[in-house]
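In what follows, a single structure is set out as structure tokens and then discussed.
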Amino acid sequence: MATPSELRFATLAVHAGQRPDPATGAIMTPIYQTSTYAQEAIGVHKGYEYARVSNPTRTALEANVAALEGGKYGAAFASGLAAIEAIVKLLSAGDHVVCGNNVYGGTDRLFRHVLSRLGLEFTFVDTRDLRALENSIRKTTRLVFVETPTNPVMHITDIRAAAEITREVRARLVVDNTFATPYFQRPLELGADAVVHSSTKYLNGHSDVVGGIVVTNDDETVEGLRFLQKSGGAVPGPMDCFLILRGTKTLHIRMEAHDRNGRRIAEWLAGDRRVKAVQYPGLPSHTQHELARRQMRGFGGMIAIEVGSRDRAEAVCSRTKIFTLAESLGGVESLISHPATMTHAAVPKETRDALGITDGLVRLSVGIEHVDDLIADLDQALG
Ligand code: P1T
């Protein structure tokens with residue numbers, strides 16, 4: 001029998017972190033719906049004392065996602081943003097963070113409008129440009145935070161090169177791997193110090209939970225995160241952990257389907273004159289296609305298209321029948337959104353325009369429905 005570190009992704013997805021329940025043999029890790037745990041005597045217990053600190057359903061989820069990312073430790077949080085906030089709360093006032101200039105609008109808002117008030121300093125830079133990344137580093141830089149591919153314009157950062165730059169200055173490189181998932185991209189193997197997810201998205205995959213998780217190999221980082229789980233309490237409840245764990249069991253199957261549909265739809269859109277530009281790292285026309293091929297095994301289901309104007313974007317978003325107009329992404333069902341007024345509304349307009357998050361940009365989260373039905377839906381919506 002292979003040791004856990006030798007097992008393949010699909011086997012880990014189904015089994016890692018889980019075993020039949022010792023009390024009953026239940027094959028599924030139970031939802032340990034409890035706030036506290038009986039102690040036999042003062043200080044004598046089974047490893048669980050209070051559910052803010054730990055919960056067996058959460059422990060299983062943390063171990064499962066850690067295994068999928070090829071990491072030692074997972075720390076789950078109540079949302080993707082809570083996970084990102086925890087990473088930054090490992091720092092202290094006066095420390096400096098370099099952040100990619102295109103990240104989820106909520107991450108941008110958290111850094112600019114909440115954490116920067118607490119004495120942390122942030123520089124936003126285009127991390128596609130490694131020289132710009134290097135130049136933005138200060139003596140006080142402790143963290144480099146990148147999303148790759150980015151939400152929504154699908155920029156790619158060279159994780160291995162960014163890790164080298166970050167290591168030299170003894171800062172942490174943290175990669176938001178929400179769009180690619182560990183099935184297609186493994187930042188820890190490329191040198192990142194930690195990976196963060198909005199597990200609301202592909203990890204869960206069924207649009208019924210909000211959650212986040214950090215994975216790392218570093219003892220000091222996980223100790224800090226566990227201290228923050230205990231001290232701040234932004235942890236997920238057991239039911240949410242159970243649902244995400246149910247989701248990760250099929251991550252490999254779902255990602256193959258998202259990727260298959262994503263590629264077909266991106267190619268179809270790229271050949272359609274009603275669409276002015278298509279951003280999808282799997283297309284040879286993507287300016288960073290070669291880098292994407294090097295560090296990703298597949299490209300998934302996220303596509304951004306430029307349709308030319310706010311009016312056109314509104315028309316397309318209101319006409320689709322299978323793609324539902326909604327925030328979020330990564331579920332089995334296809335969604336369509338307008339980043340400028342939805343996910344990235346908090347980003348100032350000049351910044352949005354400079355990044356290509358124009359009023360005519362439409363984002364697609366391609367689900368796992370039949371691809372011909374999805375193409376027919378987009379075809380009629382494009383008018
Ligand atoms: O929504 P939450 O679970 O807190 O995760 C925040 C988050 C973090 N990182 C990335 C790359 C994300 O896309 C998100 C959330 N994004 C959306 C809700 C969205 O529609 O883009």
Side-chain angles (χ1 to χ4, degrees), residues 61 65 69 75-89 99-115 127 145-157 159 174-182 184-185 187 192 194-215 232 234-237 240-241 243-244 247-248 258 279 281 296 300-304 317 323-331 333-347 352 355 357 361-367:
L61 171 66
V65 178
E69 284 286 2
F77 289 87
S79 70
L81 285 179
I84 293 168
E85 183 179 45
I87 287 167
V88 180
K89 280 188 181 161
C99 178
N101 65 349
N102 175 211
V103 287
Y104 167 57
T107 305
D108 187 274
R109 179 175 55 211
L110 174 69
F111 289 178
R112 281 183 204 272
H113 301 298
V114 182
L115 297 173
T127 52
F145 184 93
V146 299
E147 246 179 59
T148 182
T150 64
N151 179 356
V153 290
M154 311 300 285
H155 290 169
I156 311 287
T157 291
I159 298 172
V174 176
V175 175
D176 185 329
N177 202 24
T178 298
F179 270 34
T181 82
F184 287 139
Q185 174 171 279
V195 173
V196 64
H197 280 273
S198 167
S199 43
T200 314
K201 311 299 187 298
Y202 288 110
L203 292 185
N204 174 58
H206 296 76
S207 303
D208 50 13
V209 170
V210 171
I213 192 159
V214 185
V215 176
V235 292
D240 288 356
C241 294
L243 287 170
I244 300 167
T248 57
H258 285 293
Q279 301 301 343
M296 302 172 74
M302 297 306 296
I303 304 173
C317 289
F323 283 84
T324 304
L325 178 62
E327 307 249 357
S328 204
L329 60 106
E333 67 291 308
S334 293
L335 301 180
I336 189 165
S337 70
H338 184 239
T341 57
M342 297 168 72
T343 51
H344 292 70
V347 178
R352 283 202 313 261
L355 288 168
I357 309 174
L361 191 80
V362 170
R363 190 185 77 181
L364 304 174
S365 172
V366 175

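For ligands, and for the atoms within them, numbers begin at 1 and follow the listed sequence. Computed from a predicted structure; not experimentally measured. Position 1 is the first residue of the sequence; numbering continues from there. Side chains included, hydrogens not; waters and symmetry mates left out as well; all remaining heavy atoms used.
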Has ligand 1 got any nitrogen or oxygen that is less than 3.5 angstrom from a nitrogen or oxygen of [X]?
{"X": "T107", "answer": "no"}
{"X": "G80", "answer": "yes"}
{"X": "V210", "answer": "no"}

Among K201, H197, M154, which residue satisfies the side chain to side chain contact (heavy atoms under 4.5 Å, CB included) criterion with F179?
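It is M154; the other options fail the test.
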Exactly one of N151, V153, I336 should register a side chain to side chain contact (heavy atoms under 4.5 Å, CB included) with R363. Which one does?
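Only one option passes, and that is N151.
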contact_flag [X] ligand 1 heavy-atom lt 4.0 Å:
{"X": "R363", "answer": "yes"}
{"X": "G105", "answer": "no"}
{"X": "K201", "answer": "yes"}
{"X": "S328", "answer": "yes"}

Side chain, backbone, both or neither: which part of V196 comes within less than 4.0 Å of ligand 1 when only heavy atoms are counted?
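Answer for V196: neither.
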Give me the residue, atom name and distance of the protein heavy atom closest to [atom].
{"atom": "atom 19 (C) of ligand 1", "result": "T343 CG2, 3.3 Å"}
{"atom": "atom 13 (O) of ligand 1", "result": "N151 ND2, 3.0 Å"}
{"atom": "atom 7 (C) of ligand 1", "result": "Y104 CD2, 3.4 Å"}
{"atom": "atom 10 (C) of ligand 1", "result": "D176 OD2, 3.5 Å"}
{"atom": "atom 3 (O) of ligand 1", "result": "T200 OG1, 2.6 Å"}

Any idea which atoms of ligand 1 are less than 4.0 Å away from a heavy-atom of [X]?
{"X": "E147", "result": "11 (C)"}
{"X": "S79", "result": "3 (O), 4 (O)"}
{"X": "L329", "result": "13 (O), 19 (C), 21 (O)"}
{"X": "G211", "result": "3 (O)"}

Please confirm whether the backbone N or O of [Y] pairs with a side-chain atom of [X], one donor and one acceptor, at under 3.5 Å?
{"X": "T200", "Y": "G211", "result": "yes"}
{"X": "S198", "Y": "G80", "result": "no"}
{"X": "T343", "Y": "G105", "result": "no"}
{"X": "T127", "Y": "G100", "result": "no"}
{"X": "S199", "Y": "G212", "result": "yes"}

So do the side chains of L110 and E85 get within less than 4.5 Å of each other, counting heavy atoms only?
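The answer is yes; the side chains approach within 4.5 Å.
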If you define the side chain from C-beta out and look only at heavy atoms, does anything of D240 sit under 4.5 Å from N204?
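Side-chain contact under 4.5 Å: no.
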Short side-chain donor-acceptor distance under 3.5 Å, S207 and E333:
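S207 and E333 do have a side-chain donor-acceptor pair below 3.5 Å.
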Where do L329 and M302 land on the side chain to side chain contact (heavy atoms under 4.5 Å, CB included) test, with the steps shown first?
CA-CA 8 Å; L329 60 106; M302 297 306 296; 3.8 Å; yes
